[in-house]
Every structure is written in C-alpha cells, then in structure tokens.
2 protein chains.
Amino acid sequence: MMNDMTDKARPDCNDPFIEALERLIVPMGMPPIAARMQGYIMLCPEPVSLDEIVDGLRVSKSSASVAARLLERYGILRCYTERGTKRVRYGVTEHCAGFLLEQMRSIGTMAALLRDAAGARRDDAVTARLKDMGAFYARVHTALEGVLSEGD
Amino acid sequence: MMNDMTDKARPDCNDPFIEALERLIVPMGMPPIAARMQGYIMLCPEPVSLDEIVDGLRVSKSSASVAARLLERYGILRCYTERGTKRVRYGVTEHCAGFLLEQMRSIGTMAALLRDAAGARRDDAVTARLKDMGAFYARVHTALEGVLSEGD
DNA sequence: TGACATATTCGGTATTCACCGAATATGATT
DNA sequence: AATCATATTCGGTGAATACCGAATATGTCA
C-alpha cells in the first residue's frame with residue numbers, strides 16, 4: 001500500500017522546472033494542465049493518484065482526469081491500478097519517450113507526405129525539390145529511429 | 001521580371017499534400033493559414049507574391065501577411081524583394097529546415113531543463129531519473145545535430 | 001512632396017479552446 | 001442489489017485564437 005507523499009517529497013507546483021517545461025511544450029500544442037502535470041509527475045519519486053495531482057497542481061478533478069488520459073495516450077505517463085480500489089496512480093514512462101516518439105513520428109510522416117507529393121507532381125523542378133526534401137526527412141527519421149532504439 | 005504563374009503551374013488549394021501537411025502541423029501549434037501557406041508555397045516552382053497567395057489560398061491579404069512573416073521567422077519561408085517595387089515574394093527555404101531545426105531545438109531545450117532540474121533536486125531517485133533522461137535527450141540532440149549538418 | 005502600390009497593424013467578431021462543477025459511469029465490497 | 005469511492009463525461013462560461021476588412025505605414029517614382 002503506497003503512502004501518500006510527505007510534504008517534503010511533494011513538488012511545488014511553482015517549481016521552475018514545471019514552469020519551463022510548460023513554456024516549452026504548450027506552444028507545441030500540449031494543453032496547459034497536461035504540460036504542468038507532466039512536469040509535476042516527473043518530479044515525483046513515486047506514481048501519484050489523481051487526488052494528489054489535484055492537490056498539488058490546484059486543478060479540478062475532471063481537468064486532471066482528462067489531462068492524465070491524454071498524457072497516457074501520448075506515452076508520457078503510465079497508469080498503475082491496484083487491487084481492491086478503483087483508484088489509479090500515474091507515473092512517468094521511461095524517458096517520457098512520448099515526447100521524442102511524437103517528434104520522430106511527425107518527421108516520418110513529413111517524409112512520407114513529401115514522397116507522395118513528389119509522385120503526384122508534374123512540374124519537374126517541384127518534383128525534384130519534393131524528392132530531395134523527402135529523402136532528407138527520411139534520413140533524419142532513420143537516424144532518430146537508431147538513437148531511440150539504442151536508448152532502450 | 002518574374003511572371004505570375006500560369007494556371008497550369010499554380011497549385012490547387014485543395015491539393016492532398018496541403019491538406020495532409022495542415023493535419024500534421026496544425027496540432028503541433030502552427031496556425032492554420034500558415035500551415036496551408038507552407039504547403040502551397042512548397043508546391044510552387046518559384047517564389048510567389050502575397051497577392052498570388054491571397055488568390056491561391058482564398059484568404060485575406062492581412063492574414064497572408066501575418067502568416068508569411070511567421071513562417072519566415074520559423075525559417076520555413078524566405079522573403080525575396082525586388083528593386084523598384086515594394087512587392088515581396090516568398091519561397092521555401094532549403095529543406096524547409098525550420099521544421100527540423102525547431103524540433104532539434106526543443107529536444108536540446110528539454111535536455112537542458114532536465115539537467116538543470118537534476119541539479120536542483122533533493123530526492124535521490126528523482127535526481128537519478130532526471131539525470132538519466134537529460135543524458136538521453138542530449139544524445140538524441142547530438143545525433144540530430146549531426147544528421148542536420150550533413151544535410152547542408 | 002504627392003501619388004500610388006504594397007505590406008502591415010489594428011480593432012471587431014466569430015469560433016475554438018480551456019477549465020470548471022454537476023451529473024453520470026464504473027469498480028470494488030458486502 | 002445496495003453502497004461507497006473514484007474516475008469520467010457533459011454542459012456552461014470565460015479566455016484565447018483565428019480571421020477579416022479598414023486604417024495605417026512604408027517604399028518607390030516622378
């Protein structure tokens with residue numbers, strides 16, 4: 001039975017790391033509460049319950065629930081359940097790799113879009129440019145794949 | 001004196017590439033008109049004027065101006081001026097590298113945030129985790145730097 | 001300097017997003 | 001099946017974003 005965190009181990013919701021992470025990933029499309037939650041849970045030594053997140057971040061239960069589900073879907077958080085209770089806890093995945101996987105995925109998608117667009121074009125200069133870009137993005141995608149699989 | 005594009009060479013604003021690119025980068029925080037403009041200009045053989053963009057994408061002149069400036073700031077478009085006229089034209093940069101540079105930059109920033117946060121932590125398990133993550137993100141950043149400089 | 005062409009800024013408006021608390025759904029136990 | 005604890009969904013509301021057209025700024029030429 002995991003204990004709730006003592007006040008000493010509980011992150012401060014105004015921690016500079018949380019604020020900096022929010023400034024980094026919110027402009028990238030991450031909703032604000034999800035961003036802060038990611039930062040908060042990254043600073044927690046153990047997985048935390050929704051109620052602890054609610055207390056720690058001072059947000060509504062429903063907002064916490066929605067954000068946690070989103071982060072789980074992105075591979076940033078992992079959900080832990082427990083026999084005998086409906087309560088769940090969320091902890092960070094290894095490396096919060098969701099952040100990197102999402103970027104790798106978008107680069108791979110871009111490479112595919114460019115390759116498809118090159119196949120559809122009729123102007124030679126545009127076709128050549130799209131092919132060149134597509135190959136470049138594919139190279140970057142392959143490199144990312146390599147370094148991300150080494151990290152396992 | 002560059003001629004305006006003929007109808008044959010002018011991209012269709014409903015081109016599948018433009019729509020797919022919009023679906024990819026708008027959720028990443030790119031404003032919709034800027035996303036469509038990027039796709040449109042990537043399909044143009046030559047740099048295009050704001051009026052051509054307005055006609056091609058069916059948006060207001062002011063929206064086109066704001067979006068073009070934003071894409072220029074992101075390193076995705078390049079602005080071409082011409083003696084004797086105030087008119088400007090926008091064309092894509094090499095590889096639209098702004099997309100990749102921005103991702104590399106965010107990974108580098110993440111590595112730095114983690115390193116700083118590890119230095120500030122007092123719980124050993126959290127410190128170790130942040131250090132490990134920071135090193136991982138730094139490795140990915142370095143690999144991206146490598147492959148992006150080869151692309152030049 | 002004035003006229004004109006062009007880009008940019010500004011304020012208004014509609015739409016979307018973000019967040020909340022209430023209502024509802026769900027899981028566990030007796 | 002009833003009860004309770006917990007998570008999730010839903011609808012309302014305010015804030016932020018997106019886009020427009022008018023107003024303004026800016027560059028060029030005579």
Side-chain angles (χ1 to χ4, degrees), chain A residues 1-4 13 18-19 21-23 25-41 47-74 77-91, chain B residues 1-4 13 18-19 21-23 25-41 47-74 77-91:
Chain A
M1 174 64 81
M2 286 187 277
N3 290 329
D4 286 357
C13 68
I18 297 175
E19 296 180 337
L21 184 68
E22 186 176 9
R23 283 196 299 275
I25 65 180
V26 167
M28 295 166 64
M30 179 68 81
I33 289 183
R36 297 207 296 280
M37 183 184 291
Q38 179 178 341
Y40 187 82
I41 296 178
V48 282
S49 69
L50 279 178
D51 285 328
E52 286 168 286
I53 295 167
V54 167
D55 288 342
L57 290 179
R58 303 200 196 103
V59 294
S60 74
K61 184 74 176 282
S62 57
S63 300
S65 177
V66 168
R69 303 300 291 265
L70 184 107
L71 289 171
E72 190 183 6
R73 209 162 63 238
Y74 279 177
L77 295 188
R78 178 175 164 192
C79 181
Y80 298 83
T81 53
E82 194 180 324
R83 263 193 78 77
T85 174
K86 189 168 166 10
R87 170 174 291 153
V88 297
R89 291 174 184 277
Y90 289 95
Chain B
M1 175 63 81
M2 286 187 277
N3 290 329
D4 288 355
C13 68
I18 297 176
E19 297 181 337
L21 184 69
E22 186 177 8
R23 281 196 300 275
I25 65 178
V26 167
M28 294 165 66
M30 178 71 78
I33 290 184
R36 297 206 296 281
M37 183 184 291
Q38 178 179 341
Y40 187 82
I41 296 178
V48 281
S49 69
L50 278 177
D51 285 328
E52 284 168 287
I53 294 166
V54 166
D55 288 342
L57 291 178
R58 302 201 197 101
V59 295
S60 74
K61 185 73 177 283
S62 58
S63 300
S65 177
V66 169
R69 302 302 291 265
L70 184 105
L71 288 172
E72 190 183 8
R73 210 163 59 236
Y74 280 177
L77 296 188
R78 177 171 164 194
C79 180
Y80 299 83
T81 54
E82 191 181 323
R83 264 191 78 76
T85 175
K86 189 170 172 2
R87 170 173 290 151
V88 296
R89 291 174 185 276
Y90 290 94

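Just so it is clear: chains get the letters A, B, ... in the order the sequence lines come, proteins before strands, and each one is counted from 1. Every value quoted in this text rests on a predicted model; they were computed, and no experiment measured them.
- Between A35(B) and L21(B) the shortest heavy-atom distance is O-CD2, 3.9 Å.
- In this structure, Y80(A) places its OH atom 16 Å from P of dA7(D), rounding to the nearest Å.
- Taking atom CD on E52(B) and atom C1' on dT6(C), their separation rounds to 14 Å, with Å as the unit.
- Computed from coordinates, the E22(B) CD to dA18(D) P distance equals 12 Å when rounded to whole Å.
- Nearest heavy atoms, P47(A) versus Y80(A): CG-CE1, 3.6 Å.
- Here the straight-line distance linking atom CD of E52(B) with atom CD1 of I41(B) works out to 9.5 Å at 0.5 Å rounding.
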Practice task
Might you work through the side chain to side chain contact (heavy atoms under 4.5 Å, CB included) test for L50(A) and K61(A), ending with a clear yes or no?
Solution key: CA-CA 7 Å; L50(A) 279 178; K61(A) 184 74 176 282; 3.7 Å; yes
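- When rounded to the nearest whole Å, the span between CG of L50(B) and C1' of dA5(C) equals 13 Å.
- The shortest side-chain heavy-atom distance between Y90(B) and M37(B) does not fall under the 4.5 Å cut-off.
- We find that CZ of R89(A) is positioned 14 Å from C1' of dA7(D), with the value rounded to whole Å.
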Practice task
Assign a letter to each nucleotide of nucleotides 15-30 of chain C from its 5' end: B, base within under 4.0 Å of a protein heavy atom; S, sugar-phosphate only; -, no contact.
Solution key: ----SBB----BSSS-
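- The interatomic distance linking L57(B) (CG) with dA18(D) (C1') rounds to 15 Å, in whole Å.
- With values rounded to the nearest 0.5 angstrom, I33(A) atom CD1 is found 6.0 Å from S60(A) atom OG.
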